[in-house]
Amino acid sequence: SKLEGLEMLVDLNAGRKSCPLCPEEKFKACYSHKLRRHLQNLHWKVYVEFEGQRMCICHLPCRHLKNSLSGDQASGRQVAHYHCVVCSVTIARKTDMISHLKRHVNKGETEASYSGSSDAYEIMKELGTNVQLLPNYTTPQKSDTYFNRKMKTNRQLVFCSLAVLAEERNPLECLDAFGATGIMGLQWAKHLRNAVKVTITDINETCVKMIKENCQLNHIRVDGGSRSSRGPDGTSNEAEGVPIATVEVAKMDANVIMHLRSFDYIHLDPYGTAVNYLDSAFRNVRNLGIISVTSTDTGSLYAKSPNVTLRHYSCHIVRTEYYKELAARMVVATVARAAARCNKGIEVLLAVALEHFVLVVVRVLRGPTQADESAKRLRQLIHCQWCEERVFLKQGSMVDDNLYNQLPCNCHGSMPGKTAVELGPLWSGPLFNTGFLRGMLFAAVQHSMDDIQTLVKTLICESECTTQKNVLDFASGKRKTGEESGNVVKKLKSDASLEHPAFYYSIHRHSIRGMNMPKLNKFLQYLTEAGFRVSRTHFDPTGVRTDATLEQFKSVLTKYSVPNATTSQTSLSTEKTL
């Protein structure tokens, strides 16, 4: 009676039967009494119970063995494992499975919802586009599709950058090289319609199948697929729904399709770093086309794994207060080197670094002259580890002789030992194109993307290195009128030739001990009055992008900081004692 659940998997009354949880080579077919004993002693004895359901140990080859150094699969017995009834993940040890289930309970996930059938799909809607997801989409197996809700900002920024290019020329041939659920490519096709010819690829068979199903869900025809919305005579059938767009879906490696075909717009969003795909992307991308690269390997980008950073990006970095911009400039430098190898240069349109990802969008400029210009922008950075002042090394400078002389700070003179380190190579040019960002803001307003409008406004201010009050009436896309506006326009015109200054200072990092610093917006005003270019930065909410040196920055901060209550009381008691 205890084995009723397992006995349902196999008819024990009819002749020789094999075990449903073991491969044929491990347990050969036998009669019912022997099979029952095998199920009892091997599988049932070590079950894990969860919400009234029992998970028996499985010996089938569901769990892939790691490859040996020679490339062949490791020899020996298959790895025994349990299947989680909540998220379908396979776990080898019983104690680990119990811990895993406890985490589900803590998150409130107590329903045994996983099923391999399509009936178990969830429907999720983003930007008017529906996609089917497996219940385990947050913790999938390697064979399942993955969908990250936290990357919504990334998807919207990429969409807006494509919309700007579609205004310049159409139809565009664009590639979503890592489709997964196909959400990004489907959004392009659904909203930009005839302006784009979308190709979605993925190497995983399950992903390709799901992308095609998601196309049907959004009334988008799969190129080369059945024209279900057409009648027998080839005319449109209104009742069944006319396809609003056509998308090409292919099961292919990203490097292969980028070598085979040319595209106007390529988006790379692999799991982790994109360095393995940059050479292929630049090989066939059309002149003045755009490549957007999303990197999610934040461990190596944010200096937590310096050995991996050196391996992937050929770059030496340390953890700094401006680590997010350092990561963005490092990715741009890697992109620029890949472009230069194909005799192409780049113009950086956008570089964003948030908690989960770094997104870089570049325009491709064909020709060895453009490649040389981009290569000249790659420089080493001198960074003081004591005060965190930093400056790019000038072209052709002798590093050994004047490493400390180039830094505006005098920490080396007052501190024993080595205070400065050489980081890089990094991109020393601008990270934003103001005109392109304005186009992105217009696209965000047009397609009702409220989530990213504030971010894009911040980027526009950052690109011009000015405060938000002085830039634009963003909703209408027109300049404010009046004398104040006229003065701002003149100032912007005079600064138009100037690139925005590299890096930023955190007002909290450089605050004076025992002093109350001014509010950030007030401090920006004080720096502007002192004659410096100033703006907020999306990289850090407490950061200030300015062309002032750290010494000048600190002097303004000291001037407008006031002693706090503790400091004033201490000074009063000292005076009384004296």
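Since we're looking at a predicted model, the values are computed, not measured. Below, all heavy atoms of this structure are taken into account, side chains as well, without hydrogens, waters or symmetry copies.
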Decide yes or no for [X] and [Y]: does some side-chain heavy atom of the first lie under 4.5 Å from some side-chain heavy atom of the second?
X: T294; Y: L268; result: no
X: I290; Y: V361; result: yes
X: P501; Y: R545; result: yes
X: E462; Y: F432; result: yes
X: K344; Y: L365; result: no
X: Q525; Y: T528; result: no
X: L557; Y: P518; result: yes
X: V358; Y: V352; result: no

How far does [atom1] of [X] sit from [atom2] of [Y], to the nearest 0.5 angstrom?
X: L359; Y: T153; atom1: CG; atom2: OG1; value: 10.5 Å
X: L423; Y: I317; atom1: CG; atom2: CD1; value: 8.0 Å
X: N307; Y: L310; atom1: CG; atom2: CG; value: 8.0 Å
X: D269; Y: N148; atom1: CG; atom2: CG; value: 9.0 Å
X: L127; Y: M449; atom1: CG; atom2: CE; value: 4.5 Å
X: S561; Y: I507; atom1: OG; atom2: CD1; value: 7.5 Å

State, to 0.1 Å, how close [X] and [Y] come at their nearest heavy-atom pair, and which atoms those are.
X: L437; Y: V456; answer: O-CG1, 3.6 Å
X: L101; Y: C84; answer: CD2-SG, 4.1 Å
X: I382; Y: A420; answer: CG2-CB, 4.2 Å
X: A189; Y: V196; answer: CA-CG2, 4.3 Å
X: L165; Y: L288; answer: CD1-O, 4.0 Å
X: V318; Y: L326; answer: O-CD2, 3.8 Å

Between [X] and [Y], is there a side-chain N and carboxylate O pair less than 4.0 Å apart?
X: R438; Y: E464; result: yes
X: E321; Y: R390; result: yes
X: E373; Y: K376; result: yes

Which pairs count as ring pair (Phe, Tyr, Trp, His ring centres under 6.0 Å) when at least one residue sits in residues 290-314, sequence neighbours excluded? Y302-Y323
The complete set of ring pair (Phe, Tyr, Trp, His ring centres under 6.0 Å) pairs with one or both residues in residues 437-463, sequence neighbours excluded, reads F159-H447, H191-H447
Dump the intermediate steps for side chain to side chain contact (heavy atoms under 4.5 Å, CB included) on V362 and L349, then the final yes or no. CA-CA 5 Å; V362 299; L349 304 174; 5.9 Å; no
Show your reasoning for whether side-chain hydrogen bond (donor to acceptor under 3.5 Å, both in side chains) applies to S295 and T273. CA-CA 5 Å; S295 304; T273 180; 5.3 Å; no
Distance flag, aromatic centroids of [Y] and [X], threshold under 6.0 Å:
X: Y322; Y: H383; value: yes
X: F532; Y: Y526; value: no
X: F392; Y: F503; value: yes
X: Y271; Y: F178; value: no

Apply ring pair (Phe, Tyr, Trp, His ring centres under 6.0 Å) to [X] and list each qualifying residue two or more places apart in sequence or on a separate chain.
X: F282; value: none
X: F357; value: none
X: F436; value: none

Main-chain N/O of [Y] paired to [X] side chain as donor or acceptor, under 3.5 Å:
X: E389; Y: L550; answer: yes
X: T309; Y: S305; answer: yes
X: N433; Y: G435; answer: yes
X: H538; Y: A353; answer: yes
X: S428; Y: R377; answer: yes
X: T546; Y: A548; answer: yes
X: T296; Y: G272; answer: yes

Suppose the criterion is salt bridge (Lys or Arg N to Asp or Glu O under 4.0 Å): which pairs have a residue in residues 298-319, not counting sequence neighbours? none
Count the heavy atoms of every other residue, nucleotide or ligand shown that sit under 6.0 Å from CD of Q446, and state whether that count exceeds 12. yes
Verdict with reasoning, L162 to C174, per side chain to side chain contact (heavy atoms under 4.5 Å, CB included): CA-CA 9 Å; L162 176 62; C174 46; 4.2 Å; yes
Suppose we screen for salt bridge (Lys or Arg N to Asp or Glu O under 4.0 Å). Which residues come up paired with [X], at least two apart in sequence or across chains?
X: R341; answer: D279
X: R155; answer: E126
X: D547; answer: none

Side-chain donor-acceptor contact under 3.5 Å, T549 with Q552: yes
Any side-chain donor paired with an acceptor under 3.5 Å for S292 and H267? yes
Set of side chain to side chain contact (heavy atoms under 4.5 Å, CB included) partners for N130, sequence neighbours left out: I123, K125, L217, N218
Is there a side-chain hydrogen bond (donor to acceptor under 3.5 Å, both in side chains) between D297 and S300 once you walk through the steps? CA-CA 6 Å; D297 54 329; S300 54; 2.8 Å; yes
Scan residues 351-372 for pairs that pass side chain to side chain donor-acceptor pair (under 3.5 Å), counting only residues two or more places apart or in two chains. E168-R363
Which pairs with one or both residues in residues 326-340 pass side chain to side chain donor-acceptor pair (under 3.5 Å), sequence neighbours excluded? E325-R329
List the steps, then state whether side chain to side chain contact (heavy atoms under 4.5 Å, CB included) holds for I98 with K102. CA-CA 6 Å; I98 293 167; K102 281 179 182 175; 4.0 Å; yes
